[in-house]
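Written below as structure tokens is the structure these notes are about.
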Amino acid sequence: MFIFKKTEDLRNFLQQKNNGTRDIGFVPTMGALHEGHLSLIRMSKSSNSLCICSIFVNPTQFNQAADLQKYPRTTSKDIALLAKVGCDVLFLPHESEIYPSDLDTKVEIAMNGLDTVMEGEFRPGHFAGVIQVVKRLLDITSPSHLYMGQKDFQQFSIIKHMIRTLDLPVNLVMAPTVRAENGLAKSSRNERLTAEQKEQAGIIYKTLSAAGDVLLRKSVDTIEADAIKTLSIPGFKPEYFDIVDGNTLQPVKDVLNTDWIVACTAVWAGDVRLIDNMILKDEG
Ligand code: AMP
């Protein structure tokens with residue numbers, strides 16, 4: 001596996017390697033890699049001749065300095081994992097490579113309300129940081145395919161919107177959420193949970209599944225309120241449980257007349273914030 005820390009070196013490599021063809025799969029990550037990330041690498045490898053992964057803990061998407069500081073960093077373990085699954089290129093930039101002082105990297109597009117609900121409500125500025133870093137990384141890697149997880153459904157929707165709005169020449173592919181045996185979605189943040197919290201956090205998946213079971217029988221408001229109650233076990237604090245239209249991310253008013261319905265939630269387990277979601281209806 002080739003490892004590049006400098007944008008210029010990566011660009012030079014890609015120019016030589018690629019020689020005009022555009023068959024590159026790209027997987028942006030913030031490191032502390034787990035099976036979820038590796039599933040994206042495998043997906044990328046199966047459809048492209050070159051797979052690039054980036055590890056960059058992006059400061060502009062953290063709205064709390066403490067969260068940025070506490071974010072796990074396990075670079076040597078990550079490198080070993082990436083090499084093991086056959087990733088071709090790792091981009092491991094310093095902040096100054098992503099945000100050079102003489103470059104305006106901000107992306108200003110109308111977000112049509114996608115960024116003000118759910119995560120946007122509780123993490124102001126988060127998605128402005130996400131689109132900024134993904135746009136910059138796409139500019140550097142010029143991939144044909146971009147792989148992102150359903151685990152971060154709102155992030156996926158917003159990147160999809162950015163690609164469409166800016167007409168970027170890349171195909172966005174959604175990868176299913178990889179889960180632990182008890183249903184807990186794999187996440188770098190799980191490293192900070194105790195064994196007991198990990199076990200208890202299986203309730204998030206169970207609650208999402210239960211919402212799907214009663215979607216046609218109960219009102220959306222009742223399902224959401226019940227879910228908040230179920231998730232409020234000692235040591236856990238749900239922030240939101242929203243059943244939304246998968247296209248607009250706005251609350252679902254009419255279940256029968258909405259083709260794509262997704263339940264999204266954020267739950268604090270102690271001081272660790274976990275997010276998850278489940279597609280409850282997909283007839284699109
Ligand atoms: P992160 O390192 O958390 O920024 O995640 C990098 C990419 O991996 C994002 O596209 C995430 O949606 C995806 N991802 C994170 N966790 C999972 C998971 N459990 N299953 C599938 N994809 C995931």
Side-chain angles (χ1 to χ4, degrees), residues 25-46 51-63 67-68 70-75 77-79 81-82 85 87 90-93 95 98 114 118-119 123 126-138 141 143 145-163 170-193 198 201-202 204-205 208 246 249 262 264-267 269 272-279:
F26 176 48
V27 180
T29 81
M30 296 207 298
L33 302 182
H34 49 69
E35 263 308 310
H37 297 113
L38 300 183
S39 74
L40 297 176
I41 304 284
R42 289 195 194 96
M43 215 179 222
S44 162
K45 272 188 70 71
S46 70
C51 172
I52 308 176
C53 173
S54 65
I55 297 180
F56 178 61
V57 183
N58 174 35
T60 69
Q61 72 187 71
F62 284 83
N63 50 324
D67 193 23
L68 170 62
K70 277 189 281 183
Y71 202 83
R73 289 160 173 90
T74 57
T75 311
K77 191 174 151 218
D78 292 349
I79 291 173
L81 285 172
L82 288 173
V85 292
C87 179
L90 169 60
F91 184 41
L92 197 59
E95 192 180 335
I98 300 298
L114 294 171
M118 301 190 290
E119 291 300 288
R123 302 183 67 190
H126 169 65
F127 288 117
V130 168
I131 61 172
Q132 179 184 25
V133 75
V134 173
K135 171 69 166 58
R136 175 79 180 123
L137 288 167
L138 289 174
T141 55
H145 292 84
L146 168 64
Y147 295 85
M148 301 191 81
Q150 184 198 320
K151 158 80 168 46
D152 300 279
F153 188 84
Q154 189 170 10
Q155 169 174 281
F156 184 93
S157 305
I158 285 174
I159 295 301
K160 184 167 101 177
H161 172 73
M162 176 183 80
I163 289 172
V170 64
N171 297 296
L172 178 61
V173 183
M174 183 191 273
T177 303
V178 175
R179 300 177 179 281
E181 226 166 90
N182 69 347
L184 172 63
K186 299 254 174 169
S187 163
S188 307
R189 288 192 164 87
N190 296 356
E191 308 249 322
R192 293 178 39 224
L193 297 175
K198 273 189 198 162
I204 300 172
Y205 178 73
L208 288 164
L249 304 186
V262 189
C264 302
T265 187
V267 182
V272 183
R273 190 170 181 277
L274 302 172
I275 61 167
D276 201 351
N277 67 82
M278 191 177 284
I279 297 173

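Fair warning: this is a prediction, and the values are worked out from it, not measured in the lab. When a ligand or atom number is given, it counts from 1 through the structure's own listing order.
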- Query: For F153, does its backbone N or O pair with a side-chain atom of S157 as donor and acceptor, under 3.5 Å?
  - Reply: yes
- With a cut-off of 4.0 Å, which atoms of ligand 1 are near a heavy atom of K186? 16 (N), 17 (C), 18 (C), 19 (N)
- Task: Pick, from I275, N190, V134, L40, the option with the minimum heavy-atom distance to atom 13 (C) of ligand 1.
- Result: L40
- Message: Looking at ligand 1, would F153 count as a contact under a 4.0 Å heavy-atom criterion?
- Response: no
- Message: Can you confirm, on distance only, whether ligand 1 has an N/O atom lying under 3.5 Å from any N/O atom belonging to G149?
- Response: yes
- Under 3.5 Å, side chain of T177 to main-chain N/O of A185, donor-acceptor pair present? no
- Could you give the distance from NZ (K198) to CG (L184), rounded to the nearest 0.5 Å? 8.0 Å
- Query: Does R42 pair with E35 as a salt bridge, N-O distance under 4.0 Å?
  - Reply: yes
- Task: Assess P176 for proximity to ligand 1: is some non-hydrogen atom of it under 4.0 Å away?
- Result: yes
- Task: Could you list the atoms of ligand 1 found under 4.0 angstrom from a heavy atom of D152?
- Result: 11 (C), 12 (O)
- Who pairs with F56 by ring-ring contact (aromatic ring centres under 6.0 Å, His included), at least two apart in sequence or on another chain? none
- Query: Can you tell me the protein heavy atom closest to atom 20 (N) of ligand 1 and the distance?
  - Reply: V178 N, 2.8 Å
- Item | Sidechain-backbone polar pair: Q154 side chain, L114 backbone, donor-acceptor under 3.5 Å | yes
- May I ask you to identify the nearest protein heavy atom to atom 23 (C) of ligand 1, giving residue, atom name and distance to one decimal place in Å? K151 CB, 4.0 Å
- Message: With respect to P28, determine whether any N or O atom, backbone or side chain, lies less than 3.5 Å from an N or O atom of ligand 1.
- Response: no
- Query: S188 side chain to G31 main-chain N or O, any donor-acceptor pair under 3.5 Å?
  - Reply: yes
- Using a cut-off of 6.0 Å, state whether more than 12 heavy atoms not belonging to Y205 lie near its atom OH. no
- Geometric N/O contact S187 with ligand 1, under 3.5 angstrom: no
- Query: Going by distance only, is there an N or O of A175 that falls short of 3.5 Å from an N or O of ligand 1?
  - Reply: no
- Message: Can you confirm, on distance only, whether ligand 1 has an N/O atom lying under 3.5 Å from any N/O atom belonging to T29?
- Response: no
- Query: Which is closest to atom 2 (O) of ligand 1 by heavy-atom distance: M43, H37, H34?
  - Reply: H37
- Task: Provide, to 0.1 Å, the distance between atom 3 (O) of ligand 1 and the closest protein heavy atom, together with that atom's residue and name.
- Result: Y71 OH, 3.8 Å
- Identify, with sequence neighbours excluded, every residue that meets side-chain hydrogen bond (donor to acceptor under 3.5 Å, both in side chains) alongside N63. R123
- Task: Pull out every atom of ligand 1 sitting under 4.0 Å from any heavy atom of M30, numbered as shown with elements.
- Result: 1 (P), 2 (O), 4 (O)
- Message: Give the atom numbers and elements of ligand 1 that come within less than 4.0 Å of a heavy atom of M148.
- Response: 10 (O)
- Item | For S54, the option from V134, L90, L137 that meets side chain to side chain contact (heavy atoms under 4.5 Å, CB included) | L137
